[in-house]
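In what follows, chains carry the letters A, B, and so on, assigned in the order in which the sequence lines appear, proteins first and then strands, with residues in each chain numbered from 1.
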Number of protein chains: 2
Amino acid sequence: MGLTKTEIFTEEQNQIATVAKVLGHPARIAILEFLIKLKSCVCGDLVKDIGLAQPTISQHLKELKKVGIIKGTIEGTSVCYCIHQENWDKIKNILGNFLNKNATGSCC
Amino acid sequence: MGLTKTEIFTEEQNQIATVAKVLGHPARIAILEFLIKLKSCVCGDLVKDIGLAQPTISQHLKELKKVGIIKGTIEGTSVCYCIHQENWDKIKNILGNFLNKNATGSCC
DNA sequence: TTTATTTATTGCAATATTACGATAAATATA
DNA sequence: TATATTTATCGTAATATTGCAATAAATAAA
């Protein structure tokens, strides 16, 4: 099988999992940290900085864009990728709310 | 290839990705929410509540245990699984710190 | 227009993940 | 001891992910 049964979970559960999943790869964490540090950038710089092939970086950028955590605007031959501030905050809240659900000392 | 090049990333980046990855499946989110709600439980109840086969639940529990977010103590024939409070808070901090790295209005 | 530069897409190989039936393992109960 | 109950493990099929070489696409510069 290998395919997640999304239909048996709530929309909220799927949403939490989706945003967590995109953060579940070190390359994407590295890309996000790089974008935060530089406050703007292009793909080429990432390739040099991170050490993965250009198509691989492009693929990770695509996934980050798909969940909306970054946005890219074309500038000539290069692209200016940056954090999508509004969506970043949304994701922070989605994960934050989930992680805060657990009150201290629940069991055992 | 299909295997993540963990060696080219920092320990911190890998750590963030590892904890995010385990949260990157709705079944595991559902399991954690169930544990929080019930404050103690066994595998059988999860199978009924979530709607995946028992081996599948067992597998997800194993992954959650591997990153330390839950712990299980044997009680007769059943097992009492619960949130590992200390590790939960650690994970909350790991992800929280990362998500707080981004200051408002970085670019574009 | 030709040539560089930069990012995206395609195609593929290797590995990982998800899910479950069958079965094992462990303990409680009759 | 035999049987039931509960969770773990094994084996396997289907799908997803990761990574990269090759190449396309798009624009800038010569």
At under 4.0 Å between heavy atoms, what does B/Glu75 touch on the DNA or RNA strands: base, sugar-phosphate, or nothing?
nothing

Give A/Leu52 one of three labels, base, sugar-phosphate or nothing, depending on what nucleic acid heavy atoms sit under 4.0 Å from its own.
sugar-phosphate

Atom-pair distance ([atom1] on [X]; [atom2] on [N]), nearest Å:
{"X": "B/Asn14", "N": "D/dT18", "atom1": "CG", "atom2": "P", "answer": "13 Å"}
{"X": "A/Lys5", "N": "D/dA16", "atom1": "NZ", "atom2": "C1'", "answer": "17 Å"}
{"X": "B/Ile57", "N": "D/dT9", "atom1": "CD1", "atom2": "C1'", "answer": "16 Å"}
{"X": "A/Glu63", "N": "D/dT17", "atom1": "CD", "atom2": "C1'", "answer": "8 Å"}
{"X": "A/Ile50", "N": "D/dC20", "atom1": "CD1", "atom2": "C1'", "answer": "16 Å"}
{"X": "A/Ile74", "N": "D/dT27", "atom1": "CD1", "atom2": "P", "answer": "7 Å"}

Five pairs at each end of the helix from C/dT1-D/dA30 to C/dA30-D/dT1: take the axis at both ends and give me the angle between them to 10°.
10°

Would you tell me if any nitrogen or oxygen in the side chain of [X] comes within less than 4.0 Å of OP1 or OP2 on [N]?
{"X": "A/His25", "N": "D/dG19", "answer": "yes"}
{"X": "A/Lys21", "N": "D/dA16", "answer": "no"}
{"X": "A/His60", "N": "D/dG19", "answer": "yes"}

With hydrophobic residues grouped by side-chain heavy-atom distances under 4.5 Å, do B/Val67 and B/Ile94 end up in a single group?
yes

Is there a path of hydrophobic side-chain contacts, each under 4.5 Å between heavy atoms of I, L, V, M, F, W or Y residues, that connects B/Phe98 with A/Phe34?
yes

Please list each protein N or O that sits under 3.5 Å from an N or O in nucleotides 1-8 of chain D, with the distance.
residue: D/dT7; atom: OP1; partner: B/Cys43; partner atom: N; Å: 3.1
residue: D/dT7; atom: OP2; partner: B/Gly44; partner atom: N; Å: 2.8
residue: D/dA8; atom: OP1; partner: B/Tyr81; partner atom: OH; Å: 2.5
residue: D/dA8; atom: OP2; partner: B/Ser58; partner atom: OG; Å: 3.0
residue: D/dA8; atom: N7; partner: B/Gln54; partner atom: NE2; Å: 2.7
residue: D/dA8; atom: N6; partner: B/Gln54; partner atom: OE1; Å: 2.9

Please determine whether the number of non-hydrogen atoms from other residues, nucleotides or ligands lying under 6.0 Å from atom CD1 of A/Ile8 exceeds 12.
yes

A/Glu11 atom CD: more than 12 heavy-atom contacts under 6.0 Å
no

Comparing A/Lys62 and A/Thr6 on DNA chain C - which has the more 5′ nearest nucleotide:
A/Lys62

Residue pair A/Arg28/A/Gly76 against DNA chain D: nearer the 5' end by closest nucleotide is A/Arg28

Parallel, tilted or perpendicular, judged at 30° and 60°: which one describes the rings of B/His25 and A/Phe9?
perpendicular

Would you say that [X] contacts [Y] through its side chain, given a criterion of any heavy-atom pair below 4.5 Å between the two side chains?
{"X": "B/Leu46", "Y": "B/Tyr81", "answer": "no"}
{"X": "B/His60", "Y": "B/Glu63", "answer": "yes"}
{"X": "A/Thr56", "Y": "A/Gln59", "answer": "no"}

Given D/dG19, D/dC20, C/dT18, the nucleotide with the shortest approach to the side chain of B/Thr4:
D/dG19

Grab the two heavy atoms, one from A/Ile70 and one from A/Leu61, that are nearest each other, plus how far apart they are.
CD1-O, 3.6 Å

